[in-house]
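Inspection log for the structure reproduced underneath, given as structure tokens.
These numbers were taken from a predicted model, which means no experiment stands behind them.
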Amino acid sequence: MSKSLISEDTYEADLRLLQIELVKLQRYIIQKGKRLLVIFEGRDAAGKDGSIKSVTENLSPRDTKVVTLAAPSSLEEHEWYFQRYVAQLSSSGETVLFNRSWYNRAGVEKVMGFCTDDQYKLFMATVNDFESLLVRSEIQIIKCYLDISKEEQAKRLKDREKDPLKQWKISPIDQKAQKMWNAYSEAGDEMLKKTSSSDAP
């Protein structure tokens, strides 16, 4: 829902109702010992941070974990690709939100040349089986992909440069987001088409 299409009061009222439902969901997850994994993916500046903040704002911090992994270390580069993500998965009664995830391989790593073609192909050939294994291990997966227009992305990236509170969001990759727009579009479309399985749509 976009703030520009509705009034601020309506937005806040609707958001509150949705957050109440999230609190109810979390209570159920805790009481039943369920395990929830929510994956946030999308273009640079599409609103992942803000969306995650809205989702977690009223949840129990003790039972909620937001995972934002840095670039892999030299040691992690030689591990099984999913290994460092497995270490972050939900425990009983826990909700985990990934701010970017293993889908880096299908997006930024592919577009920016941070992985080889063979590594990309191996990822695409195994990610659905990996997620099916998680689901069959009773981890509920919800996948969200946030998109944005090229014009709005340009505006938001420029705003980041001016805002001293958002300096930490600026990266060399951001500077190439606009130049590589079509490549990101193609990679995103391919990812969405090939990784929506019956177990983890």
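A salt bridge between Asp159 and Lys166 is absent, with no side-chain N of the basic residue lying under 4.0 Å from a carboxylate O of the acidic one. A salt bridge is defined here as a Lys NZ or Arg NE, NH1 or NH2 lying under 4.0 Å from an Asp or Glu carboxylate O, and Lys53 with Glu57 fails to meet this definition.
Counting only N and O atoms by type, the side chains of Ser54 and Ser51 include no donor and acceptor under 3.5 Å apart. With no hydrogens or angles considered, a side-chain donor-acceptor pair links Gln26 and Thr64 at under 3.5 Å. Residues Glu109 and Asn104 bring no donor and acceptor atom of their side chains to less than 3.5 Å of each other.
Under the 6.0 Å distance and 45° angle rule, Arg43 counts as a cation-pi partner of Trp181. Within the cation-pi definition used here (under 6.0 Å to the ring centroid, within 45° of the axis), Lys48 does not qualify as a partner of Phe40.
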Worked verdict on Lys176 versus Asp44 for salt bridge (charged side-chain N to carboxylate O under 4.0 Å, His left out):
CA-CA 10 Å; Lys176 297 189 179 179; Asp44 291 321; over 6 Å; no
Hey, mind stepping through Lys169 and Asp49 against salt bridge (charged side-chain N to carboxylate O under 4.0 Å, His left out) and telling me if it holds?
CA-CA 10 Å; Lys169 289 188 170 189; Asp49 294 331; 3.3 Å; yes
Lys194/Glu190 under salt bridge (charged side-chain N to carboxylate O under 4.0 Å, His left out): CA gap, chis, key distance, verdict
CA-CA 6 Å; Lys194 292 192 173 174; Glu190 187 77 356; 2.7 Å; yes
Would Leu36 and Val96 satisfy side-chain contact (heavy atoms from CB on, under 4.5 Å), going step by step from the backbone distance to the final call?
CA-CA 6 Å; Leu36 178 61; Val96 172; over 6 Å; no
Begin from the C-alpha positions of Phe130 and Trp80 and carry the test ring pair (Phe, Tyr, Trp, His ring centres under 6.0 Å) through to its verdict.
CA-CA 12 Å; Phe130 171 68; Trp80 175 48; 5.8 Å; yes
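Phe98 is not listed as a side-chain neighbour of Tyr103, based on a closest heavy-atom distance of 4.5 Å or more. Proximity of Thr195 to Asn128: side-chain heavy atoms (C-beta onward) are separated by under 4.5 Å at one or more points. Contact annotation: the side chain of Val38 never approaches that of Val55 to less than 4.5 Å [non-hydrogen atoms, C-beta and beyond]. Between Lys121 and Met124, every side-chain heavy-atom pair lies at or beyond the 4.5 Å cut-off. Gln88 places a side-chain heavy atom less than 4.5 Å from the side chain of Lys65.
Taking the six-membered ring where the residue is Trp, Tyr85 and Tyr81 present tilted rings, their angle falling between 30° and 60°.
Residues forming a side-chain contact (heavy atoms from CB on, under 4.5 Å) with Ile20 (at least two apart in sequence, or on another chain): Arg16, Lys24.
Other residues, nucleotides and ligands contribute only 12 or fewer heavy atoms inside 6.0 Å of the CD atom of Glu138. Atom NZ of Lys143 is surrounded by more than 12 heavy atoms from other residues, nucleotides or ligands within 6.0 Å.
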